[in-house]
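See below for the structure under consideration.
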Amino acid sequence: MIPYYNPEKSEKKWRKVWEANKLYKTNLEDQKRPKYYNLVMFPYPSGDKLHIGHWYSYAPADSWGRYMRMKGFNVFQPIGFDSFGLPAENYAIKTGIHPAKTTKTNIAYMEKQLKAMGAGWDWDAEVVTNEPDYYKWTQWVFLQLYKNGLVYRKLSPVNWCPGCKTVLANEQAQDGLCERCDSEVTKKDLTQWFINIRSYAQKLLDYEGLDWPEKTRLMQENWIGRSEGSEIDFDIVGHDKKITVYTTRIDTLYGATYMVLAPEHELVEKITTIKNKKAVEDYMKKTRKATDIERSAEGREKTGVFTGAYVTNPLNGAQIPIWIADYVLVHYGTGAVMAVPAHDERDYAFAKKYKLPIKEVISPINYETKSNISKAAFCEDGKLINSGEFGGTDSAQARIDITRFLEKKGLAKLKVNYRLRDWLISRQRYWGAPIPIVYCPECGEVAVPEKDLPVKLPTDIEFQPKGDGKSPLNTSSSFVNTKCPKCKGPATRETDTMDTFVCSSWYFLRYPCSQLAKKPFEEKTLSHWLPVDMYIGGPEHACMHLLYARFIHKAMHDLGFVKAGEPFKRLVHQGMITKNGAKMSKSKGNVVSPDEFVKKYGSDVFRMYLMFMGPFTQGGDWNDKGITGIKRFVDKFWRVMTTEVEGERASSAIIHKTIKKVTEDIEAMHFNTAISSLMEMINAISDKVVSIDDKRMAVKLIAPLAPHLAEEIWAHLGGKKSVFEDSWPTYDPKQIVEDEITIAVQVNGKLRGTILVPNNSSKEKILAEVKSMENIQKHIAGGQIVKEIYVPGKIVNLVVKM
RNA sequence: GCCCGGGUGGUGGAAUGGUAGACACGCAGGACUUAAAAUCCUGUCUCAGCAAUGGGGUGAGGGUUCGAGUCCCUCCUCGGGCACCA
C-alpha cells in the first residue's frame, strides 16, 4: 500500500525537476513540430498580488497549453508583467515609497506565486514593461509611428480633477468622478499626444480568419461605430462661407427647419450677429464649465441659443436659423447637424422647447405605425411627402437620389463616419515610458534618434502633484534639460509619459524576441511565431487593450515588421470571479488570495476546483464549499492508480470513452465536464483491476489538469521521462461501441419505460419488443397507434390516438 | 433607450430537438472504529404511494414538433457593454 498522496512534497519535487530539465523552455528555432503560441494577458504587479481571478484564467490557460503540447505542438507559453501604471504612483504619493521599489517587491512576490502554480511558463522569455530594456522598445515603437505620421500633437481638453489638482487618465475618471477623491472631473485644455488610430478604423473592422467571441467583435464594432451617410453644404446667408453637416437621413432634408452647431464649432464666432453675441458667449462659457456628468446626465433638458445667422437649404432654398447647442458633439461628423424635428427625437425635443417649426416630410408606409407629429417624432424610414420632386419616393431610394442630385451641383457627397476617436496617449504622470521627443528653440519638435534610446526615467522626482497639471518629470532638471539631437543646442524634453496601454499593445511581439539586445524583434522570428494562436484574458479589455493591440500590430505589419495581419488568432475570455456578487477589489477589501488554498490542498486541487466550478467563460461567485470534492477525487485517483487490487478486471471501454469525452471537452474548453467525466471514470474502475496501459492512458488524461499529480503517478507507473513529453492518448472507436444499449420508450411523448436491446437490433425488432412491454401495453390499450418513431440508439415514441 | 449574455434541485452546475437534474457539495441513514477523523455503502427535484407506478416540474405566458431546458413570438428579471454619434 502506497502512502497517501502528499501534494506539498510532490508538487515541490516536480517543479524542481521541471526547472532542472528546462521542460518549459521553448526551442523557438524548432521547425519540426508545428508552433503554438499560447498567451495569457500579463498581470499588473499590484499590491493585491495574485488573486483568485488570475488563477481562474491562468490555470486553464496552462492546462490548454499542456494539452496542445501533448498533441504534438511546440508550445510557447510566456509570462511577464505590465508594470507601469497608476497604482504604484498613487501609492508613492501617499507613502513616498518609490514606484520602482513597490513594483520590484510586488513582482518578486507574484513570481513566487506564479511559480507555485506549477504552470509551464517559459521564464526565459519574461518581459517586464518598466525595465529600460523593454520601454526602450516601447519608445522605438512610438518613433516608428511618429515617423510614419501616425502620431501627432494637438491642443485638447483633458480630464482635470480640481481636488487632486492633477490631470487624470480616462480610466481614472470613471463615471465622471476622480477615482482617488471622488471630485467631479472637469475639462482643461492641454497640448497632448495622440495616436491616429482612426486612420485604421476600417481595417479594424475586418475580422477575417479570427476565431473571436461574437460578443467581443460586436463590442469593438460598436465602439468603432461605422456609419454611412452624406455630407451636405449649406450656404450661410450674407457670408461667402458654408457649413457642412453630416447626416444619415438626407431623405429628410426638406424637413430641416433649423441648424445646430456644437458650441465649440470654429464658425460660431464668425457668424454670430452682434445682437446675439452676448447670449452666445454666455452659453459657451456655461457649456465649458459643465462637467461630463452634467453634460451627459440622463434625460437632461436640451439647451441652446440662436446665433442670429441663417443658412440656405440647398434643396428648396428655404432660409433656416443657425443655433448652437451642446447636444451636438464637436468631435463627431462635422460638429454641425441639420435639425429635422419631425423625424429625430433630439431635434424634436429641442424644437418643442424653443418653438421652432416642425415639418413632416416622411410618412409611414405601414398604416399600423401611423405617426402623430404633434406628439412625437417619427424616426423610421417611410415615404417622402412635402418634398417637391422627391415626394412619393421611399426613404432608402430618396437618400441615393437626393445625394446624387446635390452631388451634381457639388453640394453633397456620400460619407462614411466612425465614432472611434484618436487615442490620447499623453499622461502627466511619472510611472510610465517617457515620450522620446525633444523641444528645441531652433529646430522645434525633434524625435530622439533611435540610437539614443532609451530615454530613461529619472529617479530624482517629486511625486506630490503641484497643481499645475504638469508631469512630475518636470521636477527633475537633469531630465528636462538636454541637447537638441539636431543642432546640439540647449533643448528640453517632453515630460509626459505614455499611456501604459502603449506598453501592453506590443508585448506579445517581444516575448519570442526578448533576448534580443539590439532590436525590439526580428522579422524572421515573428513570421514564424505570430499570430498568437490562443489569447486568454478578461472581456473588460474588448475596447481598450484588444483594440490598441490590433492597431499597433497592424501598423507594425504595414511597416513590414510582422507578416501576420492580426495579432490574436483565437481569443477566449474567462468569466469573472466575484465575492458575494461583487467584483473583487482592494478598496472593497474582498480580494481572496489563492495562497492559503494552495498551501492547504496543493496547486492541482485548487486549479481543478476553479475549473470544476463551472464553464470557463462563465465565471462565478467564489466560495470554497466544494473544494473537498476535488480533494477526495485526487486522493481516489492516486489510490486507484497506485494500488493493486484483486478481483474483476475493468474493461478498457470506460477508459476509451473517457479519452473521447475529455478530448472533446478540453477542445471546447469545457474543463468542468472534462473533470466530471474523469470522476465518472475513476468511480467506475475504483474497485476493479486496471491494466497498466489503461492506467497510463488515464494519467495522461488528467495530466493537463493536474500536472504534478500526473507526474508523480506517471513515474510510479514506470515512466522515465516527463508525462508531458509523451503524447495525448487516442481512443479506439471499436472499444467504445456498446454491446447493449438502453432505449427510452415514450407513448405520446411521455416516458413510459426503458428497454435494453442488443446494439444492432432492427427497428422492427425493437418496436415489437416495445409493444410487448407491460407498462406500454397499459398505455396504448384502447387506442390506435398512428405513428411509430424510432431514433436509432435513443428513443422510441408511439403516437396513440384514443 | 440600444446591443450582447444569463435565469434548471438546498448549493455549484450537466444535458448534438430525444430518459431533465450527469458530476460534485451539502444533508439524512448505515458500515468500519472504544470514539473521532478518514474511507466505504444507500438515499436525496416535488407531490401521492410500502412499492410498482402515476401527477407536476428548467423565470411567466403563448406557438412550432411525434417529442422543447434546447427552436420561434411576447413579457418579467439579473449581469455586461454602449449611450445626445445626427
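Proteins get letters first, then strands, A, B, ... in listed order; numbering begins at 1 in each.
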Handout entry: Of the listed nucleotides A86(B), G18(B), C82(B), the one nearest the side chain of Val791(A)
Key = G18(B)

Problem - Among C23(B), G54(B), A86(B), the nucleotide that comes nearest once only the side chain of Thr247(A) is considered - result: A86(B)

Handout entry: Lys625(A) NZ - G10(B) P separation (whole Å)
Key = 13 Å

Practice task
Indicate, with a heavy-atom threshold strictly under 4.0 Å, whether Asp621(A) touches base, sugar-phosphate, or nothing.
Solution key: nothing

Exercise for the section: Ignoring the backbone of Ser676(A), work out which of U19(B), C23(B), C25(B) is nearest its side chain. Expected result: C23(B)

Handout entry: Contact under 4.0 Å: Asn672(A) side-chain N or O vs A14(B) OP1/OP2
Key = yes

Practice task
Could you tell me whether Gln618(A) contacts a base, only the sugar-phosphate backbone, or nothing, with contacts defined as non-hydrogen atoms closer than 4.0 Å?
Solution key: sugar-phosphate

Practice task
Any chance you could measure Met773(A), atom CE, to Glu769(A), atom CD, to the nearest 0.5 Å?
Solution key: 8.5 Å

Completion exercise
The nucleotide from C66(B), U19(B), G12(B) with an atom nearest the side chain of Ile789(A) is C66(B)

Handout entry: Exercise: do Arg249(A) and His343(A) side chains pair donor with acceptor under 3.5 Å
Key = no

Problem - Interatomic distance where CE belongs to Met576(A) and C1' belongs to G81(B) [whole Å] - result: 12 Å

Practice task
Using a cut-off of strictly less than 4.0 Å, decide whether Tyr327(A) has a side-chain nitrogen or oxygen near OP1 or OP2 of A86(B).
Solution key: no

Exercise for the section: Indicate whether OP1 or OP2 belonging to A86(B) is found under 4.0 Å from a side-chain N or O atom of Ser227(A). Expected result: yes

Problem - Phosphate OP1/OP2 of C40(B): any Arg639(A) side-chain N/O under 4.0 Å - result: yes

Exercise for the section: Name the orientation of the base relative to the sugar in G9(B): syn if the glycosidic angle is within 90° of 0, else anti. Expected result: syn

Problem - Donor/acceptor link under 3.5 angstrom from Lys302(A) side chain onto base of C84(B) - result: yes

Exercise for the section: With heavy atoms under 4.0 Å as the rule, sort Thr673(A) into base, sugar-phosphate or nothing. Expected result: sugar-phosphate

Fill in the blank from the handout: The ring pair (Phe, Tyr, Trp, His ring centres under 6.0 Å) partner of Tyr354(A) among Tyr258(A), Trp323(A), Tyr348(A) is Trp323(A)

Practice task
Find the partner of G1(B): check Watson-Crick (N1-N3 plus N6-O4 or O6-N4) and G-U wobble (N1-O2, O6-N3) distances, both under 3.5 Å, and reply none if neither fits.
Solution key: C82(B)

Problem - Lys657(A) bridged to Glu738(A) by N-O distance under 4.0 Å - result: yes

Exercise for the section: Write down the partner of U77(B) under the Watson-Crick or G-U wobble criteria, each distance required to be under 3.5 Å. Expected result: G6(B)

Problem - Euclidean distance, atom CG of residue Asp344(A) to atom C1' of G1(B) [Å, nearest integer] - result: 14 Å

Practice task
Please state how far atom CE in Met544(A) lies from atom P in G81(B), giving the value in whole angstrom units.
Solution key: 11 Å

Exercise for the section: Specify the residue among Thr742(A) and Gly335(A) whose closest nucleotide of RNA chain B lies further upstream toward the 5′ end. Expected result: Thr742(A)

Handout entry: Separation between CG of Asp604(A) and OH of Tyr5(A), rounded to the nearest 0.5 Å
Key = 5.0 Å

Practice task
Nearest-nucleotide wise, let me know which of Asn748(A) and Gly626(A) is further upstream toward the 5' end of RNA chain B.
Solution key: Gly626(A)

Exercise for the section: State whether Arg632(A) places a side-chain N or O below 4.0 Å from either non-bridging phosphate oxygen (OP1 or OP2) of A38(B). Expected result: no

Practice task
Could you check whether His779(A) gets within reach of a base, just the sugar-phosphate, or nothing at all, counting any heavy atom under 4.0 Å?
Solution key: sugar-phosphate

Practice task
Tell me yes or no: between the side chains of Asn797(A) and Lys787(A), is some donor less than 3.5 Å from an acceptor?
Solution key: no

Practice task
Classify the nucleic acid contact of Lys750(A) as base, sugar-phosphate or nothing, counting any heavy atom under 4.0 Å across all strands shown.
Solution key: sugar-phosphate

Problem - Lys794(A), nearest nucleotide to its side chain (from A86(B), C40(B), G18(B)) - result: G18(B)

Practice task
Go through G18(B), C25(B), C4(B) for me and flag the one nearest to the Leu218(A) side chain.
Solution key: C4(B)

Problem - Nearest-angstrom distance, C1' atom, G17(B) to U65(B) - result: 9 Å

Exercise for the section: For the pair Asp635(A) and Arg639(A), find out whether any cationic side-chain nitrogen is under 4.0 Å from an anionic carboxylate oxygen. Expected result: no

Practice task
Round to the nearest Å and state the distance from Lys636(A) atom NZ to C23(B) atom C1'.
Solution key: 12 Å

Practice task
Look at the side-chain N and O atoms of Asn797(A) and state whether any lies under 4.0 Å from the OP1 or OP2 oxygen of U19(B).
Solution key: no

Practice task
Pick base, sugar-phosphate or nothing for Arg226(A), based on heavy-atom distances below 4.0 Å to the nucleic acid.
Solution key: nothing

Exercise for the section: Pick base, sugar-phosphate or nothing for Gln746(A), based on heavy-atom distances below 4.0 Å to the nucleic acid. Expected result: base

Fill in the blank from the handout: Side-chain atoms of Asn683(A) come closest, of A14(B), C23(B), U11(B), to C23(B)

Handout entry: Listed nucleotide nearest any side-chain atom of Ile795(A), set C82(B), A24(B), G18(B)
Key = G18(B)

Practice task
For A20(B), give its Watson-Crick or G-U wobble partner with both distances under 3.5 Å, or none.
Solution key: none

Fill in the blank from the handout: Between CE of Met219(A) and C1' of C4(B) the distance, given in whole Å, is 9 Å

Handout entry: Rounded interatomic separation in angstrom, taking NE2 from His670(A) and P from A15(B)
Key = 7 Å

Exercise for the section: Describe the nucleic acid contact of Phe612(A) in one word from base, sugar-phosphate, nothing, applying a heavy-atom distance below 4.0 Å. Expected result: base

Exercise for the section: Answer yes if the side chains of Thr248(A) and Ser227(A) hold a donor-acceptor pair under 3.5 Å, and no otherwise. Expected result: no

Practice task
With heavy atoms under 4.0 Å as the rule, sort Pro539(A) into base, sugar-phosphate or nothing.
Solution key: nothing

Exercise for the section: Check whether any side-chain nitrogen or oxygen of Lys787(A) sits under 4.0 Å from OP1 or OP2 of C66(B), and answer yes or no. Expected result: yes

Handout entry: Under 4.0 angstrom between Arg752(A) side-chain N/O and G54(B) OP1 or OP2
Key = yes

Practice task
Among Glu264(A), His265(A), Met284(A), find the one that has a side-chain contact (heavy atoms from CB on, under 4.5 Å) with Ile324(A).
Solution key: Met284(A)

Exercise for the section: Could you tell me which nucleotide pairs with U53(B) by Watson-Crick or G-U wobble geometry, both distances under 3.5 Å, or answer none if nothing does? Expected result: A48(B)

Handout entry: Whole-Å distance separating the CG atom of Leu678(A) from the C1' atom of A24(B)
Key = 14 Å

